[in-house]
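Just below is one structure, and these are the notes that go with it.
Residue numbers start from 1 in every chain, and the chains themselves are labelled A, B, ... in the order their sequence lines are given, proteins ahead of strands.
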Amino acid sequence: MVHNKKTHPSFDFLSDTASTVAPLLLGCILERTLEDGSVLRGRIVETEAYDQTDTASHSYKGSTPRTEIMFGSAGHLYVYFTYGMHYCCNVVVGPPGYGAAVLIRAVEPLEGEDSMKLRRSRHGLNLTNGPAKVCQAFAIDKRFNGHNLHTPPIRLIVPEKRGDSTIVQSPRIGISTAKNTPWRFYYQDNKYVSKNNS
DNA sequence: AGCGGGATTTTCT
DNA sequence: GAAAATCCCGCTT
């Protein structure tokens, strides 16, 4: 298979189903370049899959002004606003026309922790151990809905080699339907995971 | 450590 | 008008 310039090979895996892609996004790096040129980086340690066959998904009832990005092409950012004050971000996955995305629930900070502390007014685990915390720490809001993750100021970096951390699969958090669908994935031993199963 | 409630506003019915 | 892919605080064990 030959790749043209528009489709970077490292993003090919994003065209698969959400529940297949979600564990594969663990270990990928989220990179944010702020307006002053400083760089934040975090390693994704917890994700959840959502797709249009799934009653818990924003895409379940079809495309709306809010969710149309989920029906677009893979490798873009879907940012939504919830509970009157929080943003959460997802990686759009699957083929164009199919509404699917993977929620980034937690990252482990790698670079720019001091900058994250300023926006979070917290430190340590509370910097990035939850989906809205990640967005606040990384200064991601509605402006970046639909952003192409190949390009600054927000990039998804896929490592050449994956780590060997143990991945746990569990039901998703904070939803009122499809409570048993086990589409949450996280690194078992990682401190930044939002909620451990024990 | 775990539970319960409040904050706050967008989104769709 | 109701619900929402959450977070934080305060109170109870």
Under 4.0 Å between a side-chain N or O of [X] and OP1 or OP2 of [N]?
| X | N | result |
| --- | --- | --- |
| A:Arg120 | C:dC8 | yes |
| A:Ser176 | C:dA4 | yes |
| A:Arg122 | C:dC9 | yes |
| A:Arg105 | C:dT6 | yes |

What's the [atom1]-[atom2] distance between [X] and [N], to the nearest Å?
| X | N | atom1 | atom2 | value |
| --- | --- | --- | --- | --- |
| A:Tyr83 | C:dA2 | OH | P | 16 Å |
| A:His86 | B:dG6 | NE2 | C1' | 11 Å |
| A:Tyr87 | C:dT6 | OH | P | 16 Å |

> A:Ala132 near the nucleic acid: base, sugar-phosphate alone, or nothing, with a heavy-atom cut-off under 4.0 Å?
Replying inline: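 Result for A:Ala132 = sugar-phosphate.
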
>> Need one value for A:Ile175: base, sugar-phosphate or nothing, where a base atom within 4.0 Å counts as base even if backbone is also close, heavy atoms only.
In response: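 Sugar-phosphate contact only.
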
Between [options], which nucleotide gets closest to the side-chain atoms of [X]?
| X | options | value |
| --- | --- | --- |
| A:Tyr50 | C:dA5, B:dC12, C:dA4 | C:dA5 |
| A:Thr82 | C:dC7, C:dC9, C:dA4 | C:dA4 |
| A:Cys88 | C:dT6, C:dC8, B:dC12 | C:dT6 |

> For B:dT8, which nucleotide is its Watson-Crick or G-U wobble mate, given both distances must be under 3.5 Å?
Replying inline: none

> Want to settle it: does A:Lys142 or A:Met85 sit nearer the 5' end of DNA chain B, counting the closest nucleotide to each?
Replying inline: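 The residue mapped nearer the 5' terminus is A:Met85.
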
>> Using modelled atom types and a 3.5 Å cut-off, is there a donor and acceptor pairing between side-chain atoms of A:Thr64 and backbone atoms of A:Thr67?
In response: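 Confirmed, A:Thr64 side chain pairs with A:Thr67 backbone.
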
> Once the angle between the rings of A:Phe11 and A:His150 is folded into 0 to 90°, is it parallel (under 30°), tilted (30 to 60°) or perpendicular (over 60°)?
Replying inline: parallel

> So among A:Glu113, A:Arg119, A:Glu111, which one has a side chain to side chain donor-acceptor pair (under 3.5 Å) with A:Ser115?
Replying inline: A:Arg119

>> Between the base of C:dA5 and the side chain of A:Tyr80, is one N or O donor paired with an acceptor at under 3.5 angstrom?
In response: yes

> Is the NZ or CZ atom of A:Arg172 both under 6.0 Å from the centre of the six-membered ring of A:Tyr50 and within 45° of that ring's axis?
Replying inline: yes

